[in-house]
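The chains referred to below are lettered A, B, ... by the order of the sequence lines, with proteins before strands, and numbering in each begins at 1.
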Number of protein chains: 2
Amino acid sequence: MPVLPFDVDRSSPVPLYFQVAQQIEAAIDSGTLAPGDRLENEVALADRLGLSRPTMRQAIQSLVERGLLVRRRGVGTQVVQGRVRRPVRLSSLHDDLVRSGQHPTTTVLLHETGPAPAEVALTLGLAPGTDVVTLGRLRCVDDGPLAVLHNWLPADLLPADADLTHHGLYEVLRAQGVHLRVASQQISAEGADAETAGRLGLDPGAPVLVVERTCWDDSGRAVEFARHHYRADGYTVEMTLVDP
Amino acid sequence: MPVLPFDVDRSSPVPLYFQVAQQIEAAIDSGTLAPGDRLENEVALADRLGLSRPTMRQAIQSLVERGLLVRRRGVGTQVVQGRVRRPVRLSSLHDDLVRSGQHPTTTVLLHETGPAPAEVALTLGLAPGTDVVTLGRLRCVDDGPLAVLHNWLPADLLPADADLTHHGLYEVLRAQGVHLRVASQQISAEGADAETAGRLGLDPGAPVLVVERTCWDDSGRAVEFARHHYRADGYTVEMTLVDP
DNA sequence: AAGTGGTCTAGACCACCGA
DNA sequence: CGGTGGTCTAGACCACTTA
């Protein structure tokens, strides 16, 4: 079992458990910790790094919850044998594309304020008839159109002059002091209707991936309901599940 | 702020933090804790229940991670304003269908052992050429066909005489002492090819939801690679994302 | 029997938020 | 300023696995 040169910086503002988790993750990424390798036990590791056991546990636990490590009582902690996908969390499509080196462009198709449709009011927990902003956008990358994005937000959240052509929606919301915290998604497939197909450069009936998402901020307030249609050949959703 | 009649049973084998989390969740489900309500603060709650603060924190934290509660430093803990979807985790399609009151039937289309295709060997972390079981199944519900399921497993995991017509694959694996712990999924959409369309009662090119999944057990060993094709009108994937 | 993770305690100090 | 959650400590006992 490899003894790894972990250490912590107690003068850093980064929490100790997070520093340790980062170092373990880096060791896995670099291959220093190979798939199947066992970690030193919690007590020994805590001792070696001069940490308390709960702090060490918190570090390991965070990686277990992301599926990088598995733990068994009486046995130990091991690196999962295989590359676990690590989906970006609660990020916007725009940010994801930029992060992956692409150059997304956005066309605003629709940007209007009016009474919420019943389904949207229900989903956002608003009184029926409350004003919401309805947003329609076409998101393209270098290769061409990727997705048609529809969003509904409480009217006070989005400035009327927001520049959605050059900035992602979540970026605009962040600038408004809205901190997204929870999202609930439903993913399905559909045949594209005529309008969507036209926007995406597909034949009507061609398969599209549909993502419906509701978002809440850090005060628990519903911030957005979204229905996005993605070209099937340009987009996949990744996720990792861990049993408790 | 409502003061709820939580209590714990110290003689129970159920962990204290879990008992508390269950009671908070039940209060949310029943409406006793309404969306937007604030919880008592951690210290007061711990005191009232006769628990230490870390234990109380663990209870709350587990619900925060599932998206039911949001916390802000200096402010407090609140119930999220809206119904968060709570997807079943790492369960099999068969079990999910049974749980939702349906009666799935399964037809085994293919059940053979042979050298792993390169892609499968790579995904499962096996040496090229290792024997794997290739499984093809058609899953139907009362209404008709729902999904075509393809699975690849290391050959020693699946008994040759496994009864996959009447039991789900994960059920069979559980009976073998395999405890699934981590899964990594990719979800996409496709137009059905001729064979898949035929099996599902669709026209070729009709939209299907494609789920590719790799599973690991509690020792970190790769247990299965799956590629499932679902009728678009009969299946959606639900997930909840929480920002740390 | 020895070693592992799972749970729990009773404190402590700090950072952040809102009045 | 007081109240909140965020982090951390130094122990303890237990359940489970493996040998």
From CD of A:Q19 across to C1' of D:dG6 the rounded distance in Å is 15 Å

Send over the distance from B:D218 CG to D:dC16 P, rounded to a whole Å. 14 Å

Let me know the distance between CG of A:D47 and P of C:dG3, rounded to the nearest Å. 15 Å

Quick one: do the B:N151 and B:R137 side chains pair a donor with an acceptor below 3.5 Å? yes

B:R38 CZ to C:dC17 P, straight-line distance once rounded to whole Å: 15 Å

Mind calculating the distance between CZ (B:R73) and C1' (C:dC13) to the nearest angstrom? 12 Å

Could you check whether B:R227 pairs with B:E119 (Lys NZ or Arg NE/NH1/NH2 to Asp/Glu carboxylate O, under 4.0 Å)? yes

Within the structure, does a side-chain N or O atom of A:T77 lie under 4.0 Å from either OP1 or OP2 of C:dT4? no

Separation of B:I60 atom CD1 from D:dT4 atom P, in whole Å? 12 Å

In plain terms, say whether B:E40 and B:R48 are close enough for a salt bridge, that is, a side-chain N and a carboxylate O under 4.0 Å apart. yes

For C:dT4, does either OP1 or OP2 sit under 4.0 Å from a side-chain N or O belonging to A:N41? yes

Separation of atom CG in B:L39 from atom C1' in D:dG3, rounded to whole Å: 15 Å

Taking the minimum atom-to-atom distance to the side chain of A:R72, which one of D:dT18, C:dC17, C:dG6 wins? D:dT18

Ion pair present between A:E25 and A:R66, side-chain N to carboxylate O less than 4.0 angstrom? yes

Rounded to whole Å, CG of B:L45 lies from C1' of D:dG3 at a distance of 15 Å

Below 3.5 Å between N/O atoms, which protein atoms pair up with nucleotides 7-11 of chain D? Just atom names and distances, please.
from	atom 1	to	atom 2	distance (Å)
D:dT7	OP1	A:Y17	OH	3.1
D:dC8	OP1	A:L16	N	2.4
D:dC8	OP2	A:L16	N	3.4
D:dC8	OP2	A:Y17	N	3.4
D:dT9	OP1	A:R10	NH2	2.6
D:dT9	OP2	A:S52	N	3.0
D:dT9	OP2	A:S52	OG	2.9
D:dT9	OP2	A:T55	OG1	2.8

Scan B:L153, B:V172, B:L157 and name whichever one has a side chain to side chain contact (heavy atoms under 4.5 Å, CB included) with B:V178. B:L157

Taking A:D156 first and then A:R221, would you say they form a salt bridge - that is, a charged N and a carboxylate O separated by under 4.0 Å? yes

Verify whether one side chain among A:S91 and A:D96 offers a donor that lies under 3.5 Å from an acceptor in the other. yes

